[in-house]
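Below, all heavy atoms of this structure are taken into account, side chains as well, without hydrogens, waters or symmetry copies. If you're wondering where the values come from, they're calculated on a predicted model, not measured in any experiment. Every number for a ligand or one of its atoms is a count from 1 in the order of the listing.
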Amino acid sequence: MAAGAVTQDTSATTVRTARRVPFGAALEYDHFISDPDYTALFVSHCDMIFPMNALKWDALQACPGEFDFSRADDILSFAETLGRGTYGHTFVWYNALPQWVEEIDRPAQAEAALIDHVRTVASRFSGRVPVWDVVNEVIAHDPAHEGPWRDSLWMRLLGPAHVDIAFSAAAEAAPGAELAVNDYDLEFTGPRYDARREAVLDLVRRLQDRQLRIDAIGIQGHLYPEIPIDHQGLGRFIRDLEALGVGYRLTEIDVIDWNLPPDAALRDEMAAEHVGNLLDAAFSAALPRSVSTWGLSDRYSWISDVMPHRAGAPNRPLPFDEALKPKPMYEVIQRYLSA
Ligand code: XIL
């Protein structure tokens with residue numbers, strides 16, 4: 001594996017305490033290779049270590065039929081060697097598509113490409129990746145006005161059937177893996193979020209009506225502290241899923257802190273409180289199968305690129321700060337996860 005740059009501090013593995021729910025984080029390949037201290041933080045604290053981008057379509061199949069599994073393999077082998085869990089993100093997304101896929105304009109060609117990609121990737125990692133986000137972000141941002149499905153190349157060419165096609169191919173090629181739908185904005189208070197939770201439940205029923213296996217929902221958990229968590233609504237959603245035989249995971253937790261006060265200590269407290277509100281609402285309904293954050297330290301996060309702090313302060317979206325020191329958010333997560 002190409003992780004020779006990573007210095008292994010085996011004593012760090014003792015930092016992890018027994019947890020009733022596994023904790024993990026998404027790891028971007030470039031940082032995995034270039035920043036050994038950062039990677040060591042995953043070793044110290046994560047029960048699951050998984051690729052942030054290396055299993056997305058553009059990373060695996062940039063040209064038709066030419067697959068490059070090397071980066072995903074490196075991260076997965078790293079996790080496996082340490083005896084940690086992993087996670088597969090993702091087969092089907094409207095984003096991270098290479099040019100050749102963006103240029104597909106015939107339904108039959110889209111269906112063939114979709115089936116081939118899912119089959120090839122799922123079978124390549126069969127027995128190694130225990131969970132797959134089969135589809136990511138397929139629910140419309142605002143289902144009442146533009147939904148229920150989100151616009152994408154797949155929707156335009158194949159309609160909602162593209163989700164059935166992906167689940168069917170995944171079930172066949174990765175029979176032992178848990179199959180999930182992963183989406184955002186499922187935890188907040190307000191009609192748009194109610195509609196999004198309803199749309200996910202409808203999608204689960206749609207798959208089940210077609211005898212397609214769906215095992216779990218990934219609740220991403222990209223949190224906006226200015227939008228309250230819907231304690232009751234989220235609890236009801238998780239129990240409704242349970243009644244349908246479907247579990248859940250908290251998959252991409254981070255805090256979008258662009259509107260919070262610049263003061264770092266205050267911001268960290270507010271972020272921790274909001275993550276606590278999410279965990280409280282979710283855990284009171286049922287235990288998730290795992291909890292993971294989207295990155296681990298404020299050193300690297302998509303939030304800084306996409307939603308930089310309004311006052312120009314460095315973003316603080318994650319459980320560890322830029323110097324890799326734990327923040328109040330990590331203590332809150334530990335509190336809920338410890339056995
Ligand atoms: C983001 C990654 O963090 C970035 O590095 C990449 O450039 C774009 O994708 N929801 C998802 C993730 O499901 O795949 C996204 O990850 C963040 C939002």
Where on Asn136 is there a heavy atom closer than 4.0 Å to ligand 1, on the side chain, on the backbone, on both, or on neither?
side chain

Distance flag for atom 5 (O) of ligand 1, protein heavy atom under 4.0 Å
yes

Please confirm whether the ring centroid of His45 lies under 6.0 Å from the ring centroid of Phe320.
yes

Once you measure the plane-to-plane angle for Tyr87 and Phe50, does it fall in the parallel (<30°), tilted (30-60°) or perpendicular (>60°) bin?
tilted

Give the residue and atom name of whichever protein heavy atom lies nearest to atom 11 (C) of ligand 1, and the separation in Å to one decimal.
Glu252 OE1, 3.0 Å

If you count the atoms of ligand 1 from 1 in the order shown, which ones are under 4.0 Å from a heavy atom of Asn53?
2 (C), 4 (C), 5 (O), 6 (C), 9 (O)

Ring center gap for Phe32 and Phe42 short of 6.0 angstrom
no

Using non-hydrogen atoms of the residue, decide whether Glu28 is closer than 4.0 angstrom to ligand 1.
no

Residue and atom name of the nearest protein heavy atom (relative to atom 8 (C) of ligand 1), distance in Å to one decimal:
Lys56 NZ, 4.0 Å

Do Glu178 and Arg249 meet the salt-bridge criterion of a basic N to acidic O distance under 4.0 Å?
yes

Gln232, CD: over 12 other non-hydrogen atoms inside 6.0 angstrom
no

Tell me, please: is Trp93 in heavy-atom contact with ligand 1, that is, under 4.0 Å?
yes

Could you tell me whether Asp164 and Arg206 make a salt bridge, using a distance below 4.0 angstrom between a side-chain N and a carboxylate O?
yes

Counting only heavy atoms, which portion of Asp305 has something under 4.0 Å from ligand 1: side chain, backbone, both, or neither?
neither

Tyr184 ring center near His222 ring center (under 6.0 Å)
no

Assess the pair Trp132 and Phe91: is the distance between their ring centroids shorter than 6.0 Å?
yes

Give yes if a backbone or side-chain nitrogen or oxygen of Trp302 is under 3.5 Å from a nitrogen or oxygen of ligand 1, and no if not.
no

For ligand 1 and Asn182, I'd like to know whether there is a polar contact (N/O to N/O, distance under 3.5 Å).
no

Could you see which bit of Trp294 sits under 4.0 Å from ligand 1, with heavy atoms only: side chain, backbone, both or neither?
side chain

Looking only at non-hydrogen atoms, which of Met52, His31, His222 approaches atom 18 (C) of ligand 1 most closely?
His222

